[in-house]
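Please read the structure below before turning to the comments.
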Amino acid sequence: MSNIQITLPDGSTQSVAAETRPIDIAKGISPRLADAAIAAKVNGELFDLTRPLEKDATLQILTAKDPESLEIYRHSTAHLLAAAVLELYPETQLGIGPPIENGFYYDFDRPTPFTPDDLEKIEKKMWEIQARALPYERVLTKKEEGLKKYSEAWMKCQLIDERAGEIFTEYTLGPKFIDFCRGPHIPDTSKIKAFKLLSIAGAYWKGDEKNKQLQRIYGTAFFTPKDLDAYLKQVEEAKKRDHRKLGKELDLFSIQELAGPGLIFFHPKGGIIRKLLEDWMRDQYLARGYSLVYTPHVAKLDLWKTSGHANFYAANMFTPIELDDAEYQLKPMNCPFHILIYADRQRSYRDLPVRLGELGTVYRYERSGTLNGLFRVRGFTQDDAHIFCRPDQVEEEVVNCLQFAIDTLAAYGFEKYDAEISTWDGGASGKYDGVAEQWEFAEGALRRATEKLKINAKVVPDEAAFYGPKIDVKLVDAIGRKWQLSTVQFDFTLPRRFGLEYIADDGKAHQPIMVHRALYGSIERFFGILIEHYAGAFPVWLAPIQAIVLPITDRQAEYGRGIQKQLEAAGIRSTVDERSEKVNLKIRDAQMQKIPYMLVVGDREQESGQVAVRNRKHADQGAKPLADFIADIHKLIESKAVTE
RNA sequence: GCCACCCUAGCUCAGCUGGUAGAGCGGCUGAUUCGUAAUCAGCAGGUCGCCGGUUCAAUCCCGGCGGGUGGCUCCA
């Protein structure tokens with residue numbers, strides 16, 4: 001047998017017998033490396049540690065430190081899950097079982113659904129198999145043979161049929177489990193140290209609801225129990241911040257069964273926050289050259305036929321309302337209304353850009369299963385604006401929109417964000433409206449705008465809306481979750497459908513470029529994100545109650561009321577807690593309501609004419625004259641500070 | 001919409017294999033007047049989501065409907 005040359009990452013080379021396995025080389029380097037090894041990278045391709053090396057190659061041994069490792073490890077854990085399911089329920093058919101962002105899942109087809117009790121049983125069985133240190137073995141099978149061998153396994157046949165080459169790889173785990181899989185995997189189950197099955201869900205085969213619905217088991221896995229624990233704690237933390245929970249506890253909003261799902265009621269405390277969000281946005285509109293408009297909530301169905309929504313958006317609209325003269329449609333979008341305003345008079349190139357902004361409430365029929373608190377609702381208000389401009393103005397408009405989006409994020413305390421440009425498929429599928437020239441022009445404008453603003457934007461091909469390319473901004477919240485927020489989208493379709501035009505300097509009519517943009521996205525959703533980002537402890541300028549006066553005994557009640565009157569006069573949202581309760585209790589309640597400032601007043605303060613300031617985050621701040629406190633809090637409010 | 005699970009006092013939840021319900025918090029009343037995260041006592045409060053079925057008897061078992069949670073799908 002001839003020797004092959006293996007080059008390691010440090011540049012050193014070794015000559016080894018062909019068919020040597022990466023794990024052998026790792027052992028040769030150090031037993032500890034062999035022990036820590038998860039997989040190998042051979043000429044840039046991921047390899048099992050036990051897959052023989054056939055020719056000269058560069059070799060990297062992957063350990064838990066390498067980013068690819070966790071995915072491989074989770075993928076292997078998914079196989080372990082499937083093997084356990086097969087041992088317990090041999091009649092089960094296997095779907096797919098990939099690693100995902102925070103773990104893995106495996107899809108199964110079986111006549112009876114899994115129960116939460118099954119999850120426990122399966123987990124136990126997984127540990128049993130884990131203890132056997134079963135190897136993950138790579139098997140090569142011919143396509144023909146495979147199809148014959150698995151003729152009774154319908155999902156496997158489909159996968160082999162669609163994806164397999166002439167020879168495909170399978171991985172076995174113990175006597176029963178074998179799966180069509182590209183790999184690679186960890187050497188054996190003893191490497192798996194920490195995992196947990198999390199939930200059961202229905203999922204359609206290949207994600208298509210026309211297909212059979214399978215049973216999906218979600219789980220997660222980490223290299224150490226400590227990491228798993230940390231992850232589960234983070235999930236707990238996210239639960240504590242759940243805006244639905246906080247919305248109830250802080251009395252911000254509700255959804256009323258009698259009124260219908262997906263429809264939001266803003267309570268007084270949520271209402272004041274909404275008012276502030278709206279004011280901020282309207283002020284920004286006016287400061288940035290937008291015009292404010294107001295449009296109706298319904299319009300004749302004919303409008304939606306002209307816009308095309310009655311056709312392609314029908315599934316997401318409330319059904320039309322029959323009146324005596326015509327059918328009316330609750331609006332799912334603001335665009336056609338803004339277009340009507342644009343088209344209501346003749347426009348000169350000198351009038352452009354026309355920027356029409358509105359906080360427009362729209363109603364969309366979302367399937368009941370997709371509704372989710374404030375995040376996905378059936379009635380919501382978009383901070384929607386449409387810009388109609390000349391081609392030579394496009395780039396500046398896009399830059400301004402993106403700058404506006406970034407300023408919005410900063411104003412609410414979001415420091416990190418991602419951007420994504422969604423482009424078309426080059427016209428290959430024919431599913432996109434407009435011509436190549438338009439797409440290239442618009443996509444170029446988006447790209448140049450991100451370069452100019454030094455925004456790192458990922459380009460995602462074939463993800464655009466059918467009517468034009470777009471850029472989406474995703475924020476990263478306090479606990480690292482990403483939320484899709486702002487969007488800037490070109491629209492090649494509506495200007496054409498409505499015959500929009502302006503008279504250019506050549507005296508001829510031209511079609512304006514139309515840009516949709518929403519920065520909060522939806523006020524409801526943005527509110528929900530804010531609740532979770534701040535865990536309900538809103539910045540002082542947004543806090544529904546900014547200060548609460550806490551008299552220690554009834555003797556200071558009147559003094560306390562006087563303080564509150566002065567706060568009110570200074571424009572500070574405040575209350576007094578006059579209950580005959582201990583100050584400890586009042587503080588506890590105020591803390592739980594996340595009120596930024598508690599002004600404790602006892603005999604001492606009354607005599608000196610001061611207030612003892614307690615901050616919700618920094619506790620006791622000592623006594624000071626009320627005027628000083630008012631000056632301090634005014635500074636925070638005026639600067640819209642996100643810390644205090 | 002589909003799959004699984006859930007719905008018991010205002011809130012959070014307990015209630016064994018069917019025998020018409022409990023706690024804590026909250027509310028009300030009274031006592032207490034207290035210095036930086038829960039003072040004590042008493043009282044009130046529920047056709048156990050709704051409709052139907054099985055049963056001598058249903059919060060519990062079965063079916064339908066409504067609402068919610070986690071997913072699938074979609075997106076603001």
Side-chain angles (χ1 to χ4, degrees), chain A residues 100 105 107 112-119 198-218 239 242 244-245 248-249 251 255-262 315-316 332-334 360-362 364-384 465 472 483-487 489 516-529 550-557 579-593 598-605 612-616 618-623:
Chain A
I100 51 175
Y105 68 80
D107 283 344
T112 48
F114 290 116
T115 67
D117 290 345
D118 293 337
L119 230 51
L198 299 173
S199 62
I200 311 161
Y204 297 97
W205 172 236
K206 293 183 188 163
D208 185 338
E209 61 186 277
K210 287 187 205 85
N211 289 336
K212 185 162 186 187
Q213 191 158 36
L214 310 172
Q215 297 288 316
R216 175 172 296 178
I217 295 180
Y218 281 95
K239 264 191 206 154
D242 190 313
R244 294 167 300 196
K245 183 171 169 279
K248 193 179 272 180
E249 286 171 7
D251 196 17
I255 296 169
Q256 299 289 329
E257 189 172 334
L258 190 56
N316 283 300
M333 306 248 177
N334 301 300
T361 303
V362 296
R364 298 184 187 174
Y365 172 73
E366 300 290 352
R367 296 186 301 173
S368 59
T370 67
L371 298 174
N372 172 246
L374 293 171
F375 289 160
R376 191 143 194 88
V377 298
R378 284 185 175 159
F380 61 100
T381 301
Q382 295 178 304
D383 60 316
D384 204 1
D472 290 327
W483 301 97
Q484 218 264 258
L485 204 70
S486 308
T487 182
Q489 314 188 345
H516 306 262
R517 39 109 295 167
L519 306 185
Y520 292 152
S522 121
I523 291 179
E524 285 77 1
R525 185 181 147 84
F526 187 66
F527 182 32
I529 293 169
L550 307 180
I552 292 176
T553 75
D554 294 346
R555 284 196 304 280
Q556 297 89 30
R579 293 175 301 171
S580 312
E581 297 287 355
K582 286 177 137 179
V583 74
N584 279 333
L585 190 268
K586 297 183 183 183
I587 287 172
R588 182 183 145 83
D589 286 350
Q591 284 285 154
M592 290 201 303
Q593 285 299 304
M598 288 150 261
L599 304 182
V600 177
V601 292
D603 287 335
R604 294 205 296 268
E605 286 72 25
V613 177
R614 180 192 166 94
N615 173 273
R616 64 185 167 190
H618 311 302
D620 196 352
Q621 307 283 290

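Lettering of chains follows the sequences in order, A, B, ..., and the numbering in each one begins at 1. Being a predicted model, the structure only gives us computed values, none of them experimental.
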> Base, sugar-phosphate, or nothing: which does A:Leu485 touch, judged by heavy atoms less than 4.0 Å apart?
Replying inline: sugar-phosphate
> Distance between the C1' atoms of B:G19 and B:A37, in whole angstroms?
Replying inline: 45 Å
> Which residues pass the ring pair (Phe, Tyr, Trp, His ring centres under 6.0 Å) test with A:Phe527, sequence neighbours left out?
Replying inline: A:Phe266
> When the C1' atoms of B:C61 and B:A44 are considered, how many whole Å apart are they?
Replying inline: 34 Å
> Are A:Arg367 and A:Glu209 close enough for a salt bridge, meaning some N to O gap below 4.0 Å?
Replying inline: yes
> Rounded to the nearest Å, what distance is computed from the CD atom of residue A:Gln591 to the C1' atom of nucleotide B:A38?
Replying inline: 13 Å
>> Rounded to whole Å, how long is the line connecting atom CD1 of A:Ile100 with atom P of B:G70?
In response: 15 Å
> How would you list, by chain and number, every residue that makes a side chain to side chain donor-acceptor pair (under 3.5 Å) with A:Arg614, sequence neighbours excluded?
Replying inline: A:Gln591
> CD1 of A:Ile200 versus P of B:G71: gap in Å, rounded?
Replying inline: 13 Å
>> Under 4.0 Å, heavy atoms only, any strand: does A:Tyr218 hit a base, just the sugar-phosphate, or nothing?
In response: sugar-phosphate
> For A:Gln484, which contact category applies under a 4.0 Å heavy-atom criterion: base, sugar-phosphate, or nothing?
Replying inline: sugar-phosphate
> Backbone N or O of A:Asn316 within a donor-acceptor pair of the A:Arg364 side chain at under 3.5 Å?
Replying inline: no
>> My understanding is that only residues two or more places apart in sequence, or in another chain, count here; which of them pass ring pair (Phe, Tyr, Trp, His ring centres under 6.0 Å) with A:Tyr105?
In response: A:Tyr218
> Among B:A38, B:C2, B:A76, which is the nearest nucleotide to the side chain of A:Gln213?
Replying inline: B:C2
>> Work out how far the C1' atom of B:A23 is from that of B:G46, and round it to whole angstrom.
In response: 14 Å
> Taking the nucleotide of RNA chain B with the closest heavy atom to each, which residue, A:Leu214 or A:Arg364, is nearer the 5' end?
Replying inline: A:Leu214
> Which atom names give the shortest non-hydrogen contact between A:Ser522 and A:Arg525, and what distance separates them?
Replying inline: OG-N, 3.0 Å
>> I need the full list of salt bridge (Lys or Arg N to Asp or Glu O under 4.0 Å) pairs touching residues 580-592 of chain A, with sequence neighbours left out, sorted by first then second residue.
In response: A:Arg579-A:Asp589
>> In whole Å, measure the gap between the P atoms of B:U47 and B:U59 for me.
In response: 13 Å
>> Just to verify, what does A:Thr381 make a side chain to side chain donor-acceptor pair (under 3.5 Å) with, not counting sequence neighbours?
In response: A:Arg274, A:Thr361
> Taking atom C1' of B:C75 as reference, at what distance in whole Å does atom CG of A:Leu374 sit?
Replying inline: 16 Å
>> Looking at B:C72, I'd like to know if its phosphate oxygens (OP1 or OP2) sit under 4.0 Å from a side-chain N or O belonging to A:Tyr105.
In response: no
> Say you pick atom C1' in B:G18 and the same atom in B:C2; how far apart are they, in whole Å?
Replying inline: 33 Å
> Closest heavy-atom contact between A:Asn615 and A:Met598?
Replying inline: C-CE, 4.3 Å
> Can you tell which of B:A37, B:G71, B:A76 lies closest to the side chain of A:Ala201?
Replying inline: B:G71
> Between B:G24 and B:C60, how far is it from one C1' atom to the other, in whole Å?
Replying inline: 24 Å
Each nucleotide N or O in nucleotides 6-13 of chain B that has a protein N or O under 3.5 Å away: list the pair and distance.
unit_1, atom_1, unit_2, atom_2, d
B:U12, OP1, A:Lys248, NZ, 3.3

>> For B:A38, does the base pair up with any side-chain atom of A:Arg588 as donor and acceptor (N or O, under 3.5 Å, distance only)?
In response: yes
>> Protein within reach of the bases, or only the backbone? For nucleotides 25-36 of chain B, mark each nucleotide 5' to 3' as B, S or -, using heavy atoms under 4.0 Å.
In response: -------BBBBB
> Between B:G45 and B:C25, how far is it from one C1' atom to the other, in whole Å?
Replying inline: 14 Å
>> Run the ring pair (Phe, Tyr, Trp, His ring centres under 6.0 Å) test against A:Phe114 and tell me which residues pass, sequence neighbours left out.
In response: A:Tyr89, A:Phe108
> Among all residues two or more places apart in sequence or in another chain, which pass the side chain to side chain donor-acceptor pair (under 3.5 Å) test with A:Gln556?
Replying inline: A:Thr553, A:Asp603
> What about A:Phe375 and A:Trp483, are their ring centers closer than 6.0 Å?
Replying inline: yes
>> If you define the side chain from C-beta out and look only at heavy atoms, does anything of A:His516 sit under 4.5 Å from A:Thr487?
In response: no
>> Assess, by modelled atom type and distance only, whether the side chains of A:Asp107 and A:Gln215 contain a donor and an acceptor separated by less than 3.5 Å.
In response: no
> Would you call A:Arg378 and A:Tyr365 a side-chain contact if the rule is heavy atoms closer than 4.5 Å?
Replying inline: yes
>> Does A:Val377 reach a base, just sugar-phosphate, or nothing at all? Heavy atoms under 4.0 Å.
In response: base
> Taking only Watson-Crick and G-U wobble pairs with both distances under 3.5 Å, what dot-bracket line describes RNA chain B, where [ ] shows pairs that cross earlier ones and | shows pairs with another strand?
Replying inline: (((((((..((((.....[..)))).(((((.......))))).....(((((..]....))))))))))))....
> Under 4.5 Å between any side-chain heavy atoms of A:Leu599 and A:Leu550, yes or no?
Replying inline: no
>> Between C1' on B:A76 and CG on A:Asp383, what's the gap in Å once rounded to a whole number?
In response: 9 Å
> Just how far, in rounded Å, is C1' of B:C2 from CH2 of A:Trp205?
Replying inline: 18 Å
> So which one's nearest nucleotide on RNA chain B is more toward 5', A:Gly521 or A:Arg616?
Replying inline: A:Arg616
Identify all pairs in which a protein N or O lies below 3.5 Å from an N or O of nucleotides 42-45 of chain B, and state each distance.
none

> Which part of the nucleic acid does A:Phe527 contact within heavy-atom distance under 4.0 Å: base, sugar-phosphate only, or nothing?
Replying inline: nothing
> Choosing from B:C72, B:A4, B:U73, which nucleotide comes nearest the side chain of A:Tyr204?
Replying inline: B:C72
> Is the backbone N or O of A:Gly521 less than 3.5 Å from a side-chain atom of A:Asp383, with the two atoms forming a donor-acceptor pair by type?
Replying inline: yes
> Taking atom C1' in both B:U33 and B:G26, what distance in whole Å separates the two?
Replying inline: 23 Å
>> If you compare all heavy atoms of A:Gly373 against all heavy atoms of A:Ile255, which two are closest, and at what distance to 0.1 Å?
In response: O-CD1, 4.0 Å
> Under 4.0 Å: is that the gap between some side-chain N or O of A:Asn372 and OP1 or OP2 of B:G70?
Replying inline: yes
>> Could you check whether A:Arg244 pairs with A:Asp242 (Lys NZ or Arg NE/NH1/NH2 to Asp/Glu carboxylate O, under 4.0 Å)?
In response: yes
>> I'd like to compare against my own output: the B/S/- annotation of nucleotides 60-68 of chain B with a strict under-4.0 Å heavy-atom distance to protein.
In response: ------SSS
> Roughly how many Å is it from CE in A:Met598 to C1' in B:A37, rounded to a whole number?
Replying inline: 9 Å
> B:A76 base stacked by A:Tyr520? Criteria: ring centres under 5.5 Å, plane angle under 30°.
Replying inline: no
> Taking CZ from A:Arg376 and C1' from B:G71, how many angstroms apart are they, rounded to a whole number?
Replying inline: 15 Å
> So what does A:Arg216 touch, heavy atoms closer than 4.0 Å: a base, only the sugar-phosphate, or nothing?
Replying inline: sugar-phosphate
